[in-house]
2 protein chains.
Amino acid sequence: MNRPSFRNWQSVQEEVRRRIHAREWKPGDLIPNESELAQEFGCARTTVNRALRSLAESGVLDRRRKAGTRVAAQPVAKATLDISVIRIEVEERGQKYGYQRIERDAAVPPLAISGAMKTSAQRPLLHIRALHLADDAPYAFEDRWINPDVVPDAMQEPFDSVSANEWLLRHAPYTHGEIAFSATSATPDEAAILGCPASSALFAIDRLTWDGAASVTKVRLLFGPGHQLRTVL
Amino acid sequence: MNRPSFRNWQSVQEEVRRRIHAREWKPGDLIPNESELAQEFGCARTTVNRALRSLAESGVLDRRRKAGTRVAAQPVAKATLDISVIRIEVEERGQKYGYQRIERDAAVPPLAISGAMKTSAQRPLLHIRALHLADDAPYAFEDRWINPDVVPDAMQEPFDSVSANEWLLRHAPYTHGEIAFSATSATPDEAAILGCPASSALFAIDRLTWDGAASVTKVRLLFGPGHQLRTVL
DNA sequence: CAGATTATTATGTATGCACATAACATCATT
DNA sequence: AATGATGTTATGTGCATACATAATAATCTG
C-alpha cells in the first residue's frame, strides 16, 4: 500500500490530530521528530514544523527543544473570548443598541481603585457610569475610572452619546491588560439600574488596561441575570 | 541616519506594534505590503509574513489577499482562557486538592440535557455529581452527564476517587465543544453543597463536548461566591 | 454598456538549505 | 563523586525562490 502524501501543513495537522484522537499517539507520548515525519509524509520539514507549531499553540502538543514533541498529557482546552465593543456585541445579536450616560464626574476613587490603578490616593480620576441597552432593555451597566494623566483628552469628552467603552478603544492605546470574570449579587443600586430584582446573580467583567507602567482605565461591566458569555473549544 | 535592521520576526512584530501604538498607522489604515516592509526592514518577506500573521491572529491586524493588510479598526481583545483540570487549577493556586463524589447513577436526564446532547429522550445517561475541594473547603460543584454510547468505559468507573473531570480528559477524546460562562443564584441544594448562603451569586461554567456528531459529556461547574476567572489581554 | 474574461496584485504557503539555540548526554578534570 | 567543558540533537528561525489563491482591476465582447 502506498501511503498518501500530505503536501500542505493543514493536512499534516489533520493527520496528527487524527492519530492523537485515534490514540495511536497517547497523551504523554513522544512523537517522531520533524525530520522523520517530513520523510513519512513526503513533505519538507518546514511544513511539518508549521503544523506542529500550530498544534502546540492550541495546547494539543508540548514541544521542547532537544526534548522533542509529545502529546499534551493534560490537554488544556484554550477558550478564546473575543472581547469587543458592547455596541458591536449587541448588534451582532441582531438587537438595537442603545446607550445612556448615568453619571460623569471627576472624583477621588475608593482606595481599591487607586490601589489597583497605581494612582496616587488623592488624585481625582474621571468617573463614568453608564448603561448599555439592547432593544431598549438594560443590557450592561458600565462603571469606569479613567486616568486623566494618561488620557487627558478624555476630560474634554462628555461621554453622553458615545460610550467610554467605544471612545477609549479608539483614542487610548494600551499595551496590555488584565481581565477577570466573576459572579456578584446585585446591590439595590445596581438592581435598579439594570431593572432586575435586588440580589440577583449578575455576571461581572472587570478589566484593567495599562499603557506601559501607567494604568489607562479600570472598568466593571455588570450584565443582567441570564447573561451568558459563550465560545467554542 | 541609517535605519536599524530588524532581523527576526519578533523585532519586526515589535516595530509594527510600536507604529500602531504611536498612531503612525491608525486603526483602519492600510499598511505597506510585505515586500515593501521586508525591504525597509532589511529582511526576507517570509520574516515579515511571520510577524504580520501572528499579529493578525491576535486581532491587531486585518489581512485579506490582494486587499492588503490594515490596522484593525475595531481591535477585538482576545482573551485566552486555559481551561484545565480542576485539580491542576487548585494545585496551581498552592492549595491542597480534594475530591468527593456525591452521586453516581444512570438516569434519564431532563429534556434540556438530552436535547442539548442530542440523545434520545428515554436514553439513560451516566449522571455524576461531585465536589472539588481546595484546602478542604468547597471549591467547585460538578454536575455532569456522560453519554454511555460514546464512552462505554465510563460505565465501569466508580468516579469515587478520580473525578470524571480528570478521567474523561484522559479516556474520552473529543473533536470540539462549546463553553459558556454565566452567573446564577444558588439553589438551596447547591448552597448546602458549596457551604454558602442560599441565593448566593455563583459563577457557572457550562461545557458540552462532542466527538464528531455525538455528544460526549455535558457538565456544569459551579464556583462559590468570590470566585474569579482571570487572564491577561 | 452590462456581463464575462483576463490580468494583476498581495497574501499564503511549500521547499531546500543554513545556522541558532535550548536542553540533555557524555566525558574529562579536580 | 561533584563540577565543568564539550558534543549532540530536536526544535526554532531566516532566507531565496517558486508557485497557489483570492480578490480586485482592467479589458474585451456581445
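Keep in mind the model is a prediction, meaning the values are calculated, not measured. Every chain is numbered from 1 and lettered A, B, ... according to where its sequence line falls, protein lines coming before strand lines. Values below: all heavy atoms of this structure, side chains included; hydrogens, waters and symmetry mates excluded.
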Please say whether more than 12 non-hydrogen atoms of neighbouring residues, nucleotides or ligands are located less than 6.0 Å from CZ in B:Arg170. no
How long is the line joining [atom1] of [X] and [atom2] of [N], in whole Å?
X	N	atom1	atom2	value
B:Ile31	C:dT9	CD1	P	19 Å
B:Arg65	C:dT11	CZ	P	11 Å
A:Leu37	D:dG12	CG	P	13 Å
A:Asn8	D:dT21	CG	C1'	13 Å
A:Gln39	C:dG16	CD	C1'	15 Å
B:Leu55	C:dG12	CG	P	12 Å
B:Phe41	D:dG14	CZ	C1'	16 Å
B:Asn33	D:dA22	CG	P	20 Å

Do the side-chain N or O atoms of [X] get closer than 4.0 angstrom to the phosphate oxygens (OP1, OP2) of [N]?
X	N	value
A:Arg63	D:dG12	yes
B:Thr69	C:dA10	no
A:Thr47	C:dT15	yes
A:Gln10	C:dT13	yes

Remember a base hit wins even if backbone is also touched, and classify B:Glu36 as base, sugar-phosphate or nothing at under 4.0 Å, heavy atoms. nothing
Output yes when B:Glu40 and B:Arg19 qualify as a salt bridge under the 4.0 Å nitrogen-oxygen rule, no when they do not. yes
B:Arg207 and B:Glu178 ion-paired at < 4.0 Å: no
For B:Pro32 and B:Thr46, find the nucleotide of DNA chain C closest to each by heavy atoms; which residue's nucleotide sits nearer the 5' end? B:Pro32
Earlier contact from the 5' end, DNA chain C, for B:Asn49 and B:Lys66: B:Lys66
Establish, from distance only, whether the side-chain atoms of B:Arg144 and B:Thr217 form a donor-acceptor pair under 3.5 Å. yes
Just checking, is any N or O donor in the side chain of A:Ser11 or A:Asn8 under 3.5 Å from an acceptor N or O on the other one? yes
So, under a plain 3.5 Å distance rule, would you say the side chain of [X] forms a donor-acceptor pair with the base of [N]?
X	N	answer
B:Arg64	D:dT24	no
A:Arg50	C:dG12	no
B:Arg45	D:dG14	no

Looking only at side-chain atoms of B:Glu34, point me to the closest of C:dT13, D:dG12, C:dT11. C:dT11
